[in-house]
Amino acid sequence: MGAGRKLCDNPLMEIIGNIRKLTTHLSDPVDYQLPIGDQQLAMSPLFGRAIQLQFLGEIHCIECGRKTSKSFNQGYCYPCFRSLAQCDSCIVKPEQCHYFEGTCREPEWAAQHCLRDHYVYLANSSGIKVGITRGSQIPTRWMDQGASQALPIMRVKNRLISGLAEVILKQHVADKTAWQRMLKGEPEFVDLATRRDELFEQCRNELNQLAAQQGEDSLSLLTDETVVDIRYPVTAYPQKITSLNFDKTPLIEGVLQGIKGQYLILSSGVLNLRKFSGYKLQLTSP
């Protein structure tokens with residue numbers, strides 16, 4: 001299921017393999033590829049074409065590769081879900097990181113992923129929200145969330161501090177994307193730099209306290225970053241959101257009208273491909 005040759009437009013396309021989440025490249029619009037089997041399928045030639053996605057009844061863990069009857073946490077078998085640090089609850093709630101308590105599931109993994117510089121950012125996908133990500137995941141994280149604008153506002157020393165900073169900021173701004181609203185069209189423009197300055201003022205005392213607790217070099221406010229604008233390859237947004245699911249409907253088909261975040265926008269509904277990482281599919285386009 002590793003990276004392989006890129007497939008281009010074909011008069012008749014039929015590909016079989018286990019999938020992973022869509023990979024992205026920041027261009028205008030975002031360039032998407034679907035890892036399927038050992039190949040990378042370029043998605044742009046499929047826009048405006050009818051496609052069929054058939055779930056073949058097999059799921060393989062995206063970490064260890066074992067066959068599993070059920071997927072956990074978007075692609076893992078149950079043993080990996082229970083043992084991997086990347087599946088622990090602190091990944092969703094970074095303010096609960098317990099590495100420094102000595103109870104991390106995988107200290108070596110955490111040293112590579114959690115004890116690195118993280119960024120707190122503002123993004124506009126379904127409205128303004130605050131989020132966090134590792135520096136290596138910029139701008140991938142924003143594209144995966146379907147953000148149309150994004151702005152880094154803080155750099156911190158590790159994941160725990162990023163989570164604590166996010167807790168402070170989310171008293172004044174949302175921390176989740178309303179995915180249904182995100183898929184209905186482009187959000188209204190938000191002056192992210194102005195909102196950043198307002199948040200810094202509103203949270204000045206708490207952020208100063210956090211820096212004092214964690215060390216003066218633990219947190220840097222960013223005031224000179226440039227807003228990143230992101231445009232997605234969508235020809236038509238759905239008027240009504242119909243969510244498609246391979247577990248309920250093994251055969252999904254429709255005209256591909258675009259991609260935003262990790263969602264295929266089809267004439268028949270929307271499909272979150274990341275949710276079905278590890279599923280074995282047959283993709284056909286006449």
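- Side-chain contacts under 4.5 Å among hydrophobic residues (ILVMFWY), followed directly or transitively, place I91 together with W109.
- N272 places no side-chain N or O within donor-acceptor distance of the main-chain N or O of Y263, the cut-off being under 3.5 Å.
- Considering only heavy atoms from C-beta on, I241 comes within 4.5 Å of K184 through its side chain.
- Scored by the side chain to side chain donor-acceptor pair (under 3.5 Å) test, Q52 finds E253 as partners (sequence neighbours excluded).
- For NZ of K67, the number of neighbouring non-hydrogen atoms (other residues, nucleotides, ligands) closer than 6.0 Å is 12 at most.
- K275 and N245 make their closest contact through NZ-ND2, 3.5 Å (heavy atoms, listed as atom of the first residue, atom of the second, distance).
- Residues W142 and L26 have side chains not in contact (no heavy-atom distance under 4.5 Å, counting atoms from C-beta outward).
- Taking 4.5 Å as the limit, some side-chain heavy atom of P238 sits within range of a side-chain heavy atom of I265.
- Between F72 and F81, the ring centre distance stays below 6.0 Å.
- Scored by the ring-ring contact (aromatic ring centres under 6.0 Å, His included) test, Y279 finds F55, F276 as partners (sequence neighbours excluded).
- Under the 3.5 Å distance criterion, with hydrogens and angles disregarded, no donor-acceptor pair is assigned to the side chains of S126 and T177.
- Here OG1 of T284 is found 9.5 Å from CD1 of I51. Values are rounded to the nearest 0.5 Å.
- Residues S125 and Q145 share a closest heavy-atom pair of CB-O, 3.9 Å.
- Residue R155 comes nearest to L222 through the heavy atom pair NH1-CD2, 3.8 Å, listed as atom of the first residue, atom of the second, then distance.
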Acceptor/donor pairs from residues 186-205 side chains to any protein atom, 3.5 angstrom cut, sequence neighbours excluded:
{"unit_1": "E186", "atom_1": "OE1", "unit_2": "S148", "atom_2": "OG", "d": "2.9"}
{"unit_1": "E186", "atom_1": "OE2", "unit_2": "Y237", "atom_2": "OH", "d": "2.4"}
{"unit_1": "D191", "atom_1": "OD1", "unit_2": "A193", "atom_2": "N", "d": "3.3"}
{"unit_1": "D191", "atom_1": "OD1", "unit_2": "T194", "atom_2": "N", "d": "3.1"}
{"unit_1": "D191", "atom_1": "OD1", "unit_2": "T194", "atom_2": "OG1", "d": "3.2"}
{"unit_1": "D191", "atom_1": "OD2", "unit_2": "T194", "atom_2": "OG1", "d": "2.9"}
{"unit_1": "R195", "atom_1": "NH1", "unit_2": "E198", "atom_2": "OE1", "d": "3.2"}
{"unit_1": "R195", "atom_1": "NH1", "unit_2": "Q202", "atom_2": "OE1", "d": "3.4"}
{"unit_1": "R195", "atom_1": "NH2", "unit_2": "H172", "atom_2": "O", "d": "3.2"}
{"unit_1": "R196", "atom_1": "NH1", "unit_2": "T223", "atom_2": "O", "d": "3.4"}
{"unit_1": "E201", "atom_1": "OE1", "unit_2": "R204", "atom_2": "NH2", "d": "2.4"}

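- Residues E166 and L169 have side chains not in contact (no heavy-atom distance under 4.5 Å, counting atoms from C-beta outward).
- Side-chain contact of E58 with H60: a donor-acceptor pair under 3.5 Å is present, judged by distance alone.
- Residues that satisfy the side-chain contact (heavy atoms from CB on, under 4.5 Å) test with K21, not counting sequence neighbours, are T140, D144, Q262, R274, S277.
- You'll find the side chain of T24 stays beyond 4.5 Å of the side chain of D31, heavy atoms only.
- Residue pairs meeting the salt bridge (Lys or Arg N to Asp or Glu O under 4.0 Å) criterion with at least one partner in residues 76-99, sequence neighbours excluded, are D88-R105.
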